[in-house]
Protein chains: 2
Amino acid sequence: MVTLEDVARQAGVSLATASRVLNGSTRQVGATLRARVEQAADELGYRANVAAQTLARGASNVIGIVVHDLTDPYFAALADGAMRAAATEGLLVMVGTTHRDPEQEIAYVATLNAQRVRAVLLVGSRVADPDVTRRLREELARYQSGGGRAACVGQDLLGVDTVAPANKEGAAELARALAGLGHTRFAVLAGPPHLVTAADRCAGFAGALEEMGLPAPQVIHGPFDRDGGHAAAREVKDATCVFAVNDVMAVGALAAYRERGVRVPEDVSVAGFDDIVTLRDHVPALTTVRLPLKDMGARALELALGEEDAVVVEQVAGEVVLRESVRRPV
Amino acid sequence: MVTLEDVARQAGVSLATASRVLNGSTRQVGATLRARVEQAADELGYRANVAAQTLARGASNVIGIVVHDLTDPYFAALADGAMRAAATEGLLVMVGTTHRDPEQEIAYVATLNAQRVRAVLLVGSRVADPDVTRRLREELARYQSGGGRAACVGQDLLGVDTVAPANKEGAAELARALAGLGHTRFAVLAGPPHLVTAADRCAGFAGALEEMGLPAPQVIHGPFDRDGGHAAAREVKDATCVFAVNDVMAVGALAAYRERGVRVPEDVSVAGFDDIVTLRDHVPALTTVRLPLKDMGARALELALGEEDAVVVEQVAGEVVLRESVRRPV
DNA sequence: GCAGACTTGGAAACCGCTTTCCGGGGAGGT
DNA sequence: ACCTCCCCGGAAAGCGGTTTCCAAGTCTGC
């Protein structure tokens, strides 16, 4: 491997000069030497050793993003937004996937801390487990006490900058829209009870129904993914409208209905949450609550990198999008 | 930030001993001192500085993956496969997205080289541009000459270990299957001409038709994404069967037909390529060629990490999956 | 033509950790 | 008892850069 020293020797200058020429410094270097160094570096194919730079400078140019599952388009969109923002700042990205294991999430924060990354982004719903939350907070605090920056997309549970989708409000608005169509008997495919995002959406939906004086929905728990929606849909008793707490579950539910010959929206209405782009061509088109996922990812990075001392929590509103998967009940 | 030295001092041992206890070494440390060091590290909340370790050890534990677009489920699946494999090896992953800019790809290889990552994975179709290919090869060679390992998913153009989907053969087999249904007039939504993956699939398909003595398909070029498929579908003249060179384009085409009131498969058959999982609930279900994307990603990492000196190219066969988006022509 | 302010190049300390090389002490063999 | 041999702890030399501190010019203004 070619080192700076090799370059300096070849150019006949000192290490200091070579460093100043090649790896950005406030100090100027004369044109002659500068040219000599650049030529030498080019001839030798020099590539700076970032580990050494990080060590010497005490700061790296990489950020870490922790998501649950990259193949879930929800996380992919969020991660993509954050990565684009990172790229414009000249930052590299390390991505970790937890596959929904909170322990993994904690472990990743420790690892990213060891990497001395500039910032870490925790993307995805928190779980309602005080012990896990406490340990994650501890690990984050340790990271931050060493100068690390952190932000989170999801719930404001960690004491760090947060981009928080308005899950409750979005779900409530959706409930009002669906009730407005004339539905009165609802079911909620609610996902796992301990997932805060799922719980919030379910609660927001049910709360709005209650406010409107409508009967409480049938709540069916299950996994937060396509198969979870598929399975849960089969347990729906006699609702005219089914709300799945995210789009992929809704798609699973639609598949389940299709298999059973139940027509959507003629026989039952189905709505989701998130407005996943990949699903926009689904038939029937999914009624949902749109979240600006890419922007949220980018915003989270901004917050993490921001100089603010105060912890800022940014609510992001969702927008109800009515599409053909719902209609007024017959 | 707590350093090893702090820990060593607190435990009353030397730096060497603390290092041996905390950061894996072949050498043993006595139980007493070991316990003292561990306690000190725990009390102080020590986290090793990976940059320093990387520098001292001369080897890092991160790998780099370069993909075109994480929000494309094709790349997400590939990346996920590679990341899972990396996790089992205890490796961290840096992900870079090029958004289909070949220059970005080259730049990423340089950057990952600077990071001295253990291996880099180039995921995605090569472009048929000799200049770009040459420069990418140069950058890769430079990286490898410094001990770096590399592998690629796509075409064998870079002189590195490669996992190569059998695009031509898969498309040919698909063509034979569709012809077997009785179709004779085909169109190919062929993607960009310079994208090798797209070109191979198109060529494989057309080649098989020719072998069977069928008329050449109408070939329509355009972007490699959903909107590209959507736009291209509108230019199809009078085919009974349309082959989109990937699934997301096929979905775009299906959407275009739906908008125009053309029924699939009654009026026209549509097939794609890749068998993207996220689309499995699409209506009508998409006929396609299944590629084991996750396995391919994992395999690419294995190849990169493998000790073999010889460059190995592994063909991965696709499997034709007939679903309801095609049927015999009327 | 000279004092003083600016530039510019280089020597060397340092970033935090790994690992080689030594040395001291205990165990085992005779 | 004596001598190896082995085990384990510590000192110190890097790993490849960055940056501070000096010293030697180079320019200015008078």
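Convention: sequence-line order gives letters A, B, ...; per-chain numbering from 1.
For the residue pair Leu293(B) and Tyr74(B), the shortest heavy atom distance occurs at CD2-CE1, 3.5 Å. The minimum heavy-atom distance between Val37(A) and Ala18(A), with the atom names listed, is CG1-CA, 4.0 Å.
The shortest side-chain heavy-atom distance between Thr3(A) and Arg47(A) does not fall under the 4.5 Å cut-off. Annotation: side chain of Val109(B) is in contact with side chain of Leu136(B) (closest heavy-atom distance under 4.5 Å).
The line from CD of Gln155(B) to CG of Leu122(B) is 11.5 Å long, rounded to the nearest 0.5 Å.
Using a 3.5 Å distance cut-off with no hydrogens or angles, the side chains of Ser125(A) and Thr197(A) do pair a donor with an acceptor.
Along DNA chain D, the nucleotide nearest Arg116(B) and the nucleotide nearest Gln28(B) are compared for position; the residue whose nucleotide lies closer to the 5' end is Gln28(B). The 5' end of DNA chain C is approached more closely, in terms of each residue's nearest nucleotide, by Asn49(B) than by the other of Asn49(B) and Arg27(B).
Taking atom CZ of residue Arg36(B) and atom C1' of nucleotide dG10(D), one finds them 14 Å apart after rounding to whole Å.
Using a 4.0 Å heavy-atom criterion, one finds that Val29(B) contacts the sugar-phosphate atoms exclusively. The residue Gly58(A) sits apart from the nucleic acid: no heavy atom pair falls under 4.0 Å. Nucleic acid contact for Ala48(B): sugar-phosphate only, since backbone atoms but no base atoms lie under 4.0 Å from a heavy atom of the residue.
Side chain of Arg135(B) to backbone of Glu103(B): no donor-acceptor contact under 3.5 angstrom is found. In terms of modelled atom types and a separation under 3.5 Å, the side chain of Arg36(A) and the main chain of Ala11(A) share a donor-acceptor contact.
Read 5' to 3', the first and last nucleotides of DNA chain C with an atom closer than 4.0 Å to a heavy atom of chain A are dT8(C) to dG16(C).
Counting only heavy atoms from C-beta on, Ala52(A) has its side chain closest to dG17(D) among dG17(D), dG9(D), dC22(D).
Near DNA chain D, defined here as any heavy-atom distance below 4.0 Å, the residues from residues 6-23 of chain A are Ala16(A), Ser19(A), Arg20(A), Asn23(A), listed numerically.
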